[in-house]
Amino acid sequence: MTSMSRARVARRIAAGAAYGGGGVGLAGAATVGLLLAEARLARRRVGNGTTPHVPNADGLYGAAYTVPGEPALRLTMLGDSTAAGQGVHRAGQTPGALLASGVAAVAERPVGLSTVAVPGARSDDLDRQVTLTLADPSRVPDICVIMVGANDVTHRTPPTRSVRQLASAVRRLRTAGAEVVVGTCPDLGTIEPVRQPLRWLARRASRQLAAAQTIGVVEQGGRTVSLGDLLGPEFAANPRELFGPDSYHPSVEGYATAAMAVLPTVCAALGLWPAEEERPDAARREGFLPVARAAAEAAAEAGTEVTAAMPAGPRGPWALLKRRRRRRVPEAEPVAPQA
């Protein structure tokens, strides 16, 4: 599917989400039915190697930067098993821990991490997760990272509904004062238990949802980072290195790769990057585009950020597309439980 075709489909899905439309098909009912059968087989093999345990990474990172009277930054992870870190065995290997330690190093401030993400969650669980996140008005997170979408595809959730639920979650968090970064739907076409010819259908459905998610998120004041191709060329080239023991969830190296892609956008949302980093770089093919086109391009290239840029014009809302340099962060364990 071309970028322009993907942009048109994404616009239709996002419009249906905004105006209460029904189910815009991702890849056709018959083919999605076949995909679902394959996905069920894949899900039977999902686990954490020998146990479904997810490490508890909540706590304080970067305690060495503590300054009396200066509160720690607050980071909350929402979404599914990818946000929670299923597939690894130590707290410091989860994406939340990697992001918290990375932000602490850049900001030179401690970061308190809390996780409400749940393995197996779909976008319809975000409302509950946001309610937990905002339960204490005096402790609204500075930044929220959401990773969701894969289970929506495998459970055949209508994409308009998925995008509507995600956009609602972003709107609630932004209204409360939190910055929001969304890692969009990963490319399910790289999951080993899903075989050809259904693999390309999974890729198509994933990218369509990712592009539509981007439109919905940006319109609510959030930022997105494409995770799709992180489960593409890099993962396909090193499946045993970048996938975990279940061949479904990322491994330690896989989560580190994802965290490297998301960290620069998290730092930008918090205002931690130098001003020159925020200007589009033509050499990296960055620039201002209609939001649907930016969403389609981002869905096809891992690590691409999309954020709102200017008021709507004759061609609709516009967005800034950036391909930020990835920052590697070391594994770190929390030094104290999150209060």
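This one's a predicted model, so the numbers in the text were calculated from it and none came from an experiment.
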Output the distance between atom CZ (Arg223) and atom OG1 (Thr214), rounded to the nearest 0.5 Å.
13.5 Å
Thr115 OG1 to Asn56 CG distance, which is reported to the nearest 0.5 Å:
7.0 Å
Path from Val170 to Val218 over hydrophobic side-chain contacts below 4.5 Å
no
State which residues pass side-chain hydrogen bond (donor to acceptor under 3.5 Å, both in side chains) with Thr307; sequence neighbours excluded, sorted by chain then number.
none
Residues which pass side chain to side chain contact (heavy atoms under 4.5 Å, CB included) with Ala107, listed by chain and number, not counting sequence neighbours
Leu73, Arg109, Leu272
Which pair of heavy atoms, one from Ala57 and one from Thr94, lies closest together, and at what distance?
CB-OG1, 3.3 Å
Inter-residue atom distance Asp124.CG - Leu166.CG, 0.5 Å rounding
12.0 Å
Give, for atom OG of Ser206 and atom CG of Leu227, the distance between the pair rounded to the nearest 0.5 Å.
11.5 Å
Nearest 0.5 Å, what's the OG1-CE distance between Thr82 and Met77?
9.5 Å
Shortest non-hydrogen separation from Gly85 to Tyr255 and the atoms involved:
C-OH, 3.5 Å
So Val54 and Pro119, do their side chains get closer than 4.5 Å, heavy atoms only?
yes
Is the backbone of Glu297 close enough, under 3.5 Å, to the side chain of Glu301 for a donor and an acceptor to pair up by distance?
no
Can Met147 be reached from Leu113 by stepping across I, L, V, M, F, W or Y side chains whose heavy atoms are under 4.5 Å apart?
yes
salt_bridge(Glu305, Arg323) N-O dist < 4.0 Å:
no
Donor-acceptor contact below 3.5 Å, side chain Glu286 vs main chain Asp281
yes
Applying side chain to side chain contact (heavy atoms under 4.5 Å, CB included) to Ala210 and not counting sequence neighbours gives Thr184, Cys185, Gln213, Ala299
Once side chain to side chain contact (heavy atoms under 4.5 Å, CB included) is applied, do any residues pair with Ala167, and if so which ones, sequence neighbours excluded?
Gln220
For the atom pair CD (Gln165) and CZ (Arg122), what is the distance rounded to the nearest 0.5 Å?
9.5 Å
Minimal heavy-atom distance between Ala211 and Ala295, with the atoms involved, is O-CB, 3.3 Å
For a quick test of reading the model, state the closest non-hydrogen atom pair linking Leu134 to Pro141 and the distance between them.
CD2-CD, 4.4 Å
Single-linkage hydrophobic cluster Val225~Trp273, side-chain heavy atoms < 4.5 angstrom:
yes
Side chains of Val163 and Val217, heavy atoms from C-beta outward: is any pair under 4.5 Å?
no
With Val116 via side chain to side chain contact (heavy atoms under 4.5 Å, CB included) - residues at least two apart:
Thr76, Leu78, Gln129, Leu132, Thr133
Side chain to side chain contact (heavy atoms under 4.5 Å, CB included) with Ser123: of Thr157, Leu209, Val148, only one passes, and it is Val148
Nearest heavy-atom pair of Ala298 and Val306: which atoms, and what distance?
CB-CG2, 3.7 Å
If you group Ile, Leu, Val, Met, Phe, Trp and Tyr by side-chain heavy-atom gaps below 4.5 Å, do Val111 and Val266 land in one group?
yes
Would Leu99 and Ile143 show up in the same hydrophobic cluster when neighbours are defined by side-chain heavy atoms closer than 4.5 Å?
yes
Under 3.5 Å donor-acceptor, Asn151 side chain and Ala121 backbone:
yes
Minimal non-hydrogen separation, Pro95 against Ala83, with atom names
CG-O, 3.7 Å
Side-chain donor/acceptor of Thr131 to backbone N/O of Asp127, under 3.5 Å
yes
For Leu75 and Asp142, what are the C-alpha separation, side-chain angles and deciding distance, and is it a side-chain contact (heavy atoms from CB on, under 4.5 Å)?
CA-CA 6 Å; Leu75 164 65; Asp142 296 284; over 6 Å; no
Return the set of residues passing side-chain hydrogen bond (donor to acceptor under 3.5 Å, both in side chains) with Arg279 (not counting sequence neighbours), or none when no residue passes.
none
With side-chain contact (heavy atoms from CB on, under 4.5 Å) as the test, would you mind laying out the steps for Val106 and Leu270 before giving the verdict?
CA-CA 11 Å; Val106 174; Leu270 291 170; over 6 Å; no
